[in-house]
**Student:** 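Questions regarding the structure given below will be posed in turn.
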Amino acid sequence: MAAVRISSRSGLPSLLLYLGIGIALGQDGIFDVKFDNAELTQVIGYAALVVILAEGGLGAKWKEVKPVLPAAAVVSTVGVGISVGITASAAHYLVGLDWRQALIIGAVVSSTDAAAVFSVLRRVPLPPRITGVLEAESGFNDAPVVILVVAFSAAGPVEHWYVLVAEIALELAIGAAIGIAVGWLGSLGLRHVALPASGLYPIAVMAIAVSAYAAGAMAHGSGFLAVYLAAMILGNSKLPHWPATRGFADGLGWLAQIGMFVLLGLLVTPHDLVDDFWPAIVVGLVLTMVARPLSVFLSLAPFRMPAREKVLMSWAGLRGAVPIILATIPMVSGVQGSTRIFNIVFVLVIVYTLIQGPTLPWVANKLNIADDPAEADDLGIESAPLERLRGHLLSVDIPAKSKMHGVEVGELRLPAGAAVTLVVREGTSFVPSPATVLRRGDELLVVATDPVRDRAEERLRAVGEGGKLAGWLGTGSPVANAPGMVGPHGGSAIPQAMKLAKKLGGAGAGAPGNGSGSGTKTSP
């Protein structure tokens, strides 16, 4: 855990720290552990990569990814092809590798690593357009790269390029179809079936995502694309107990990274890296300064994006554990010179991640690329299904920059069948009235019936984004059908919702605090 804190504070991707631990444990290290099982490393690495992709998909916000989806798809396919061609040419003509080895290296290092990228980018507020492209690219480009590396590492000559392209397109299509289907069916089941314990939801979500990988692989499609798309759908489906699920997936992703990086450090033999140091520097220099920028600029040419954003995305193409895992494929396949390929990739990843990672925030600042500080924070909403009562409890956190600050409860205009039943402010809970003014930092308990659960959450998010006039001035979602917060018989919905809350154990009944709210009204 100390390594996690060091990496987050220093800006260095955790990859370097955990690889260092593995190297220290392995050959030429402190404990001199002998480990050379490339096949076991590949199997464990694939399993860890599935978990990492699932965690990345669960954290991807559809509202950020959707507008840039075509751009991300082109960068992760056409861009990968451009990068492979340029990098392989450099490895062949400048380093002297034969074409098969050069193509394998070009394919291996063309995959960016989501874990490495966002361990650094989370410290820099960037526009959603850039983060959306980088995140989707990191999730998408693993699939075509794996197919290319396996094809180049297979025995016999590589098939005609158009046959290879057709195979890649078919595998990606199969993987995408299975991932979307599994994600949609899984989210449908989890939203309509109440599990006996809340702790089962995180396990169920990860199990569904891993099942998508298995189904995609069995159907001869891209399992990596399937797991990422399935996880993305699950992550944007408003599932019950979502914060707990997200935290579980995040912790599982960290565990997978730690185990994978330490194992890769054990596999390498440090004294063998000396001879391949300068070839790795040369290939990495071409990749970083030529191949990556050209792949970004050429593939994004049809899209209207400022040149400075493309420059940042070029520099943000960090390589992490994924290329090192893929470098074990030729070792397992028995490709001649595979050990040298692994060593070159290993050195390249370490050196250029060490250079690019810490300098990425500096580059973003120099390019004057930063997110709009006035943009409202998204609300944190957790849902718990009440199957027997045919209702839902929504726990809503109001963040610091939410425009729900200063809005009265009555001005939320929730649909009939939904009501704010409890407000927790500075550790004190009270039952609000329609005139209670909400503040930043408040936690709300909203009770909603099944038919209006989605509309209630949509309305809450709209007010959080656009304030009390959301829906009237073109901000957020349309105003809910109900003009005010009324119950099904025309009266106040609060007493009716409180009856439901009391059935759950008296939530809010007799809660301390002033029912009218203790704060004065301020502008949102």
Side-chain angles (χ1 to χ4, degrees), residues 46 69-95 97-112 133 136-180 213 215-229 283 286-287 290-303 317 322-323 325-327 329-330 332-338 341 345:
Y46 270 34
L69 193 59
V74 173
V75 173
S76 58
T77 51
V78 177
V80 164
I82 296 172
S83 179
V84 170
I86 296 174
T87 307
S89 299
H92 177 70
Y93 290 111
L94 300 180
V95 178
L97 299 178
D98 63 45
W99 273 113
R100 188 182 188 188
Q101 296 172 348
L103 286 171
I104 291 175
I105 286 183
V108 164
V109 299
S110 294
S111 176
T112 57
V133 172
E137 180 204 4
S138 298
F140 292 159
N141 64 13
D142 290 337
V145 166
V146 169
I147 298 171
L148 285 174
V149 175
V150 171
F152 294 148
S153 301
V158 178
E159 297 184 67
H160 297 295
W161 67 269
Y162 51 85
V163 176
L164 183 59
V165 171
E167 289 180 354
I168 292 175
L170 179 61
E171 290 195 27
L172 293 179
I174 294 174
I178 291 178
I180 293 172
Y213 171 82
M218 291 177 63
H220 301 287
S222 173
F224 293 114
L225 182 60
V227 67
Y228 186 77
L229 290 177
V283 174
V286 174
L287 171 67
V290 181
R292 172 68 181 180
L294 279 178
S295 67
V296 170
F297 274 81
L298 292 178
S299 57
L300 293 181
F303 305 94
V322 174
I325 293 173
L326 297 182
I329 295 177
V332 175
S333 302
V335 175
Q336 184 178 4
S338 58
I341 294 174
V345 172

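Just so we're clear, the structure is a prediction, and the values are computed from it rather than from any experiment. Positions are given from 1 along the sequence.
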**Student:** In Å and rounded to the nearest 0.5 Å, what is the CD1 to CG distance from I325 to D142?
**Tutor:**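 That separation rounds to 9.0 Å.
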
**Student:** Testing V332, L103, I104 one by one against S153 for a side-chain contact (heavy atoms from CB on, under 4.5 Å), which residue passes?
**Tutor:**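 Output: one option passes, namely I104.
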
**Student:** Could you report the tightest heavy-atom contact between L164 and A151, atom names first, then the distance?
**Tutor:**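 Smallest interatomic distance, heavy atoms only, reads CD1-CB, 3.6 Å.
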
**Student:** Would you check if V95 and I105 make a side-chain contact, meaning some heavy-atom pair closer than 4.5 Å?
**Tutor:**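 A side-chain contact under 4.5 Å is absent here.
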
**Student:** Using the test side-chain contact (heavy atoms from CB on, under 4.5 Å), find all partners of P144 that sit at least two apart in sequence or belong to another chain.
**Tutor:**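 Expected list: I168, L172.
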
**Student:** If you measure from CG on L170 to CD1 on I147, what distance do you get to the nearest 0.5 Å?
**Tutor:**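 L170 atom CG to I147 atom CD1 measures 9.0 Å (nearest 0.5 Å).
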
**Student:** Going by the rule ring-ring contact (aromatic ring centres under 6.0 Å, His included), which residues pair with Y46 if we only count those two or more places apart in sequence or in a different chain?
**Tutor:**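 Testing Y46 for ring-ring contact (aromatic ring centres under 6.0 Å, His included), a comparison that skips the adjacent residues, returns F224.
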
**Student:** Under the 3.5 angstrom rule, does the side chain of S89 hit a backbone N or O of G85 as a donor-acceptor pair?
**Tutor:**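 Yes, S89 side chain to G85 backbone: donor-acceptor pair under 3.5 Å.
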
**Student:** Looking at residues at least two apart in the chain, or sitting in another chain, which of them share a side-chain contact (heavy atoms from CB on, under 4.5 Å) with V74?
**Tutor:**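 If we apply the side-chain contact (heavy atoms from CB on, under 4.5 Å) test to V74, skipping adjacent residues, the hits are V78, S299, F303.
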
**Student:** What residue among V80, T87, I86 forms side-chain contact (heavy atoms from CB on, under 4.5 Å) with S83?
**Tutor:**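 Filter result, single survivor: T87.
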
**Student:** Could you tell me which residues satisfy side-chain hydrogen bond (donor to acceptor under 3.5 Å, both in side chains) with S222, sequence neighbours excluded, listed by chain and number?
**Tutor:**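 Per chain and number, S222 pairs via side-chain hydrogen bond (donor to acceptor under 3.5 Å, both in side chains) with no residue.
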
**Student:** Taking all non-hydrogen atoms of both residues, which atom of F152 and which atom of R100 are closest, and how far apart?
**Tutor:**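 In terms of heavy atoms, the two residues are closest at O-NE, 3.0 Å.
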
**Student:** Evaluate the side-chain proximity of S295 to R292: yes if any heavy-atom separation is below 4.5 Å, no if none is.
**Tutor:**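 Counting from C-beta outward, R292 and S295 do come under 4.5 Å.
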
**Student:** If you look at every heavy atom in D98 and Q101, which pair is closest and at what distance?
**Tutor:**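 That would be OD1-N, 2.8 Å.
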
**Student:** Just jot down the ring-ring contact (aromatic ring centres under 6.0 Å, His included) partners of Y228, sequence neighbours excluded, or say none.
**Tutor:**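 Once residues adjacent in sequence are excluded, the partners of Y228 under the ring-ring contact (aromatic ring centres under 6.0 Å, His included) criterion are F140.
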
**Student:** Check step by step if side chain to side chain donor-acceptor pair (under 3.5 Å) holds for T112 and N141.
**Tutor:** CA-CA 7 Å; T112 57; N141 64 13; 2.9 Å; yes

**Student:** In chain order, what residues pass the side-chain contact (heavy atoms from CB on, under 4.5 Å) check against A176, with sequence neighbours excluded?
**Tutor:**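 Checked A176 against side-chain contact (heavy atoms from CB on, under 4.5 Å); matches are L225, L229.
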
**Student:** Kindly give the heavy-atom pair with the smallest separation between A71 and L300, and that separation in Å.
**Tutor:**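 Smallest heavy-atom distance, with atoms named: CB-CD2, 3.7 Å.
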
**Student:** Of the non-hydrogen atoms in A107 and L148, which two are nearest, and what is the gap between them?
**Tutor:**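 Taking every non-hydrogen atom into account, CB-CB, 4.0 Å.
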
**Student:** At their closest point, which heavy atom of I178 faces which heavy atom of A219, and how far apart are they?
**Tutor:**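 Distance-wise, the nearest heavy atoms are CD1-CB, 3.5 Å.
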
